[in-house]
Amino acid sequence: MSGNPAVVMRLLASAYTVAEKAGAIVRRVLHSGELGVVEKTGANDLQTLADRLAQQSICASLSRRFPKVTIIAEEELPAEEVGEDLIETGQAEEILHKTCPAEYSTLKEEELVVWVDPLDGTKEYTEGLLDNVTVLIGIAYGGRAIAGVINQPFHNYQLGEGADLGRTIWGMLGLGTFGFQLQEVRGDKRIVTTTRSHSNKVVMDCVDAMEPHEVIRVGGAGNKIIQLVEGKASAYVFASLGCKKWDTCAPEAILHAVGGKLTDMHGNAYRYDANVKHMNSAGVLATLRNHEYYISRVPQSVLLALKSD
């Protein structure tokens, strides 16, 4: 470790180990068979014991070490003492040894905002579609997503009994991405990934307008961005309300770190300042390449239906 790592690198190194612990919590709750499901706004908006415990673990662990960082998380939970068994104090040495990009090397704690989705793909989690599930921790500065960690608690679960479950990928602008192999969809094939459980006519009109050769419907924003960077999809198209800043902050940072792009349906960037509204009200369009093509295909009816912030 070179001297004293920059604050943002220490925060990212903590986010990595905290995300791994949250992933372990998510697995443990599933294996216990007691999911503790409650409906928040309806059958497609669920919360489980895993959401609650993972969020407590992430927020308490990060705020203990970085008390001046603003942390915004998905679940509205009552203020209560978090048990020591949920606290993660470790930091990823691999990240601490990296050289911080110069533009972020002097950032202070109070300038950073962390966006947390403790369990992205909750509905899929309750239905056993475990490859859709991720833990998302994004770091923003100056309104931009600059670094992110995505943990997949059940990566490799299809391999069955004895498989080594879980992986953590991460990335930072100006530094790169780690934990996965960047791949692209071959040639001029357009494969669109979109929502599995929040579809409607506007969503499908927009997907159809992209003239895709194939459409993949899966859960979880984090999962969809992983599909983009691992060559399973060319674009993530979601022309609707529903996605929030904690869904997109970490994935956007990783996508941007490999040269991709995430915007609303109008082509505008989302902001991640502490005081922004949480809803991504103008939808999400994310691509690894050729963003302008997809933006150009968004129907006028969709643009009128989704007002840009």
Side-chain angles (χ1 to χ4, degrees), residues 18-59 72-78 80 82-83 85-86 115-138 149-161 163-169 193-200 203 215-227 232-233 236 238 240-251 278-280 284:
V18 165
E20 294 224 306
K21 184 174 184 74
I25 291 168
V26 169
R27 285 193 297 271
R28 191 175 76 231
V29 170
L30 184 76
H31 295 149
S32 76
E34 300 291 332
L35 296 189
V37 179
V38 295
E39 289 188 10
K40 293 194 287 186
T41 60
N44 285 334
D45 188 15
L46 305 177
Q47 183 195 87
T48 68
L49 177 62
D51 294 83
R52 299 188 286 276
L53 291 178
Q55 179 164 306
Q56 287 179 328
S57 175
I58 293 167
C59 295
I72 302 172
E74 175 175 11
E75 309 302 341
E76 291 181 19
L77 302 178
E80 57 182 295
V82 174
D85 59 318
L86 292 179
W115 292 86
V116 175
D117 190 337
L119 200 171
D120 183 38
T122 300
K123 189 168 192 294
E124 287 71 26
Y125 178 67
T126 65
E127 295 172 0
L129 299 169
L130 303 179
D131 49 336
N132 292 203
V133 174
T134 58
V135 175
L136 307 174
I137 305 177
V149 175
I150 301 178
N151 176 270
Q152 287 180 286
F154 301 101
H155 181 64
N156 281 343
Y157 88 102
Q158 297 98 331
L159 299 180
E161 206 62 40
D164 190 15
L165 288 185
R167 69 165 171 175
T168 304
I169 71 178
T193 183
T194 191
T195 182
R196 180 181 159 267
S197 54
H198 299 277
S199 197
N200 56 40
V203 170
V215 178
I216 302 171
R217 292 178 180 83
V218 293
N223 177 40
K224 294 183 188 75
I225 297 298
I226 289 172
Q227 291 195 325
K232 297 184 181 76
Y236 163 24
F238 184 50
S240 176
L241 300 172
C243 209
K244 314 280 199 320
K245 299 292 188 300
W246 44 72
D247 293 309
T248 53
C249 186
H278 299 161
M279 180 71 75
N280 290 336
V284 174

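Numbers for residues simply follow the sequence, beginning at 1.
- With a 4.5 Å cut-off on side-chain heavy atoms, Val116 and Trp246 do not count as touching.
- Using a cut-off of 4.0 Å between Lys/Arg side-chain N and Asp/Glu carboxylate O, Arg196 and Glu124 are scored as salt-bridged.
- The side-chain heavy atoms of Ser240 and Thr195, taken from C-beta on, include no pair separated by under 4.5 Å.
- Rounded to the nearest 0.5 angstrom, Thr126 OG1 and Leu119 CG are separated by 10.0 Å.
- The salt bridge (Lys or Arg N to Asp or Glu O under 4.0 Å) check on Glu20 picks up nothing, with sequence neighbours excluded.
- With sequence neighbours excluded, the residues that form a side-chain contact (heavy atoms from CB on, under 4.5 Å) with Pro251 are Leu136, Ile150, Ile225.
- A search for side-chain contact (heavy atoms from CB on, under 4.5 Å) contacts involving Thr248 returns Cys243, Leu262, Tyr272, Asn280, Val284, not counting sequence neighbours.
- Here the straight-line distance linking atom OG1 of Thr134 with atom CG of Asp120 works out to 4.0 Å at 0.5 Å rounding.
- Between Val149 and Val18 the shortest side-chain heavy-atom distance does not fall below 4.5 Å.
- One N or O on the side chain of Lys224 and one on the backbone of Val218 form a donor-acceptor pair closer than 3.5 Å.
- A donor-acceptor contact shorter than 3.5 Å is absent between the side chain of Tyr125 and the backbone of Thr48.
- Residues meeting the salt bridge (Lys or Arg N to Asp or Glu O under 4.0 Å) test with Arg167, sequence neighbours left out: Glu230.
- At a threshold of 4.5 Å between non-hydrogen side-chain atoms, the residues Leu30 and Leu130 count as touching.
- Nearest heavy atoms, Tyr236 versus Ala221: OH-CB, 3.8 Å.
- Across all their heavy atoms, Glu34 and Val29 have their closest contact at O-CG1, 3.7 Å.
- Atom CZ of Phe238 sits about 7.0 Å away from atom OG1 of Thr194, to the nearest 0.5 Å.
- Here the straight-line distance linking atom OG of Ser32 with atom CG of Leu49 works out to 7.0 Å at 0.5 Å rounding.
- Every residue two or more places apart in sequence or in another chain that forms a side-chain contact (heavy atoms from CB on, under 4.5 Å) with Leu241 is listed here: Met279, Ser281.
- Listed here is the closest heavy atom pair of Gly121 and Val133: O-CG2, 3.8 Å.
- Residue Gln47 is tested with Arg52, Glu76, Gln55 for a side chain to side chain donor-acceptor pair (under 3.5 Å); the sole match is Arg52.
- Glu80 is linked by a side-chain contact (heavy atoms from CB on, under 4.5 Å) to Gln56, Pro78, counting only residues two or more places apart in sequence or in another chain.
- Applying the side chain to side chain contact (heavy atoms under 4.5 Å, CB included) test between Val135 and each of Pro118, Pro153, Ser57 identifies Pro153 as the sole match.
- Distance check, rounded to the nearest 0.5 Å: CD1 of Ile216 to CD of Gln227 gives 5.0 Å.
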Q) Should Thr193 and Asn223 be marked as a side chain to side chain contact (heavy atoms under 4.5 Å, CB included) after you check the CA-CA gap, both sets of side-chain angles, and the distance that decides it? A) CA-CA 10 Å; Thr193 183; Asn223 177 40; over 6 Å; no
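- For the atom pair CG of Asp51 and CD of Glu74, the computed distance is 6.5 Å after rounding to the nearest 0.5 Å.
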